[in-house]
Amino acid sequence: MENSEAELIEKIESLKKRRNAVFLVHNYQLGEVQDIADFVGDSLELSQKAAGTDADVIVFCGVHFMAETASIICPDKTVLLPESDAGCPMADMITARYLREKKKEYPKAKVVCYVNSPADVKAESDICCTSANAVGIVEKLAGAEQIVFVPDRYLGDYAARQTGRELILWPGYCPTHVRIKAEDISRQKAEHPQAKIVVHPECLPEAKALADAVLSTGGMIRFARETDAGEVIVGTEIGILHRLRKENPEKRFIPASEQAICPGMKLITLESVLWSLENMEHRVKVPDKIRLKAKTAVDRMLEG
Ligand code: 13P
Ligand code: SF4
């Protein structure tokens, strides 16, 4: 017989205590998974939480590169990803070998690496960034002769425009965010003329041009809390709507596109979280040879 949701949650909570585990959950996860989290946040906030936790086990409800980042920061903890196939296609658009070739082409360049990337790519990079701090990280490298930005060309393009620096961009992108077209946003704005528009920096430049604010998912959560607007058009993965609506029941949140769904983020369920804790799988562990170099790039990002 299948477990009812209440039974499942009870089992999860009791096993979580026994394992001394913490649940770190990304803003795009299914609502039922967000609701059992110790902390829900964006990539930067979740890395900061991983760095500060005293739990023995981190159950990472997000995608593979996020669990890897937690393993880079906390080598002594057990990091579990409840679904081994929960990946990010953008992170798979770059490899360490191709990045080494790029570095040979631009030997004087510093490499800024979006955290949506494999650990061995981080190990080849000077500094990491997330969508929340990419502009600040590029500004921090003011003395660099050239900057290679990998792997998201649209976040890189945004950081270039905001800082006025020419960046050497990698041709990666997020298949979910490029589905949000400028026409989708314009259509929603025509129907909701009073609404404010927030858009993730992974979106196309034409979509970002229509936004009142270009923000990480954590930035969108804060914007929603603080804005006087009663309606907000949301240009990112639709999993974030659960938290926006839960925290701001008096406001209306309209997805820019219902098509903006990240398949990897949707794999994790309450059942897979319970399975993960029961079996202590799937363990994500970055080998020290890669981890120590990658940690330098992640630590520089966390220093701010
Ligand atoms: P945030 O860090 O803004 O949550 O973004 C993560 C991500 O994967 C966006 O697609
Ligand atoms: Fe990767 Fe895009 Fe999914 Fe974010 S939304 S995890 S960038 S595929």
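Please read all numbers here as calculations on a predicted model, not as lab measurements. Order of appearance sets the numbers: ligands from 1, and atoms from 1 within every ligand. All residue numbers refer to positions in the sequence shown, counting from 1.
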Review point. More than 12 non-hydrogen atoms from neighbouring residues, nucleotides or ligands closer than 6.0 Å to NZ on Lys103, yes or no?
Key: yes

Review point. Within the structure, does Ser131 bring an N/O atom to less than 3.5 angstrom of an N/O atom in ligand 1?
Key: yes

**Study point:** For Ser216, atoms of ligand 1 separated by under 4.0 Å from a heavy atom
**Key:** 3 (O)

Check your understanding: If you draw a 6.0 Å radius around NZ in Lys110, do more than 12 non-hydrogen atoms from other residues or ligands fall strictly inside?
Key -> no

**Study point:** Electrostatic pair Lys16:Asp38 at N-O distance under 4.0 angstrom
**Key:** yes

Review point. Counting only protein atoms, how many N/O/S atoms are less than 2.8 Å away from atom 3 (Fe) of ligand 2?
Key: 1

Review point. Checking side-chain contact (heavy atoms from CB on, under 4.5 Å) against Ser272, which of Pro82, Cys61, Ser84 comes through?
Key: Pro82

Revision key, fill the gap. Ligand 1 to Ser43, heavy atom cutoff 4.0 Å, flagged ligand atoms 1 (P), 2 (O), 4 (O), 5 (O), 6 (C)

Review point. Quick one: does His26 get a heavy atom under 4.0 Å from ligand 1?
Key: yes

Review point. Which bit of Thr130 gets closer than 4.0 Å to ligand 1, counting heavy atoms only: side chain, backbone, both or neither?
Key: neither

Review point. Is it true that Asp157 and Arg153 have a side-chain N and a carboxylate O under 4.0 angstrom from each other?
Key: no

Revision key, fill the gap. Filtering Met90, His200, Met66 for the heavy atom nearest atom 5 (O) of ligand 1 leaves His200

Review point. Are any of the N/O atoms in Glu202 less than 3.5 Å from those in ligand 1?
Key: yes

Review point. If you count the atoms of ligand 1 from 1 in the order shown, which ones are under 4.0 Å from a heavy atom of Asn116?
Key: 7 (C), 8 (O)

Review point. Near Glu166 CD, under 6.0 Å, is it more than 12 heavy atoms from other residues, nucleotides or ligands?
Key: no

Check your understanding: Do any heavy atoms of His177 fall under 4.0 Å from ligand 1?
Key -> yes

Check your understanding: Should we count CD of Glu10 as having more than 12 external heavy atoms under 6.0 Å?
Key -> no

**Study point:** Cationic N near anionic O, under 4.0 Å, Asp184 to Lys181
**Key:** no

Review point. By number and element, which atoms of ligand 2 are closer than 4.0 Å to a non-hydrogen atom of Glu202?
Key: 2 (Fe), 7 (S)

Check your understanding: Between His177 and Thr236, does any side-chain donor sit less than 3.5 Å from a side-chain acceptor?
Key -> yes

Practice item. Say whether, by atom type as modelled, one donor and one acceptor occur between the side chain of Lys266 and the main chain of Tyr28 under 3.5 angstrom. Key: yes

Point to revise | Within 6.0 Å of CD in Glu101, more than 12 heavy atoms from elsewhere | key: yes

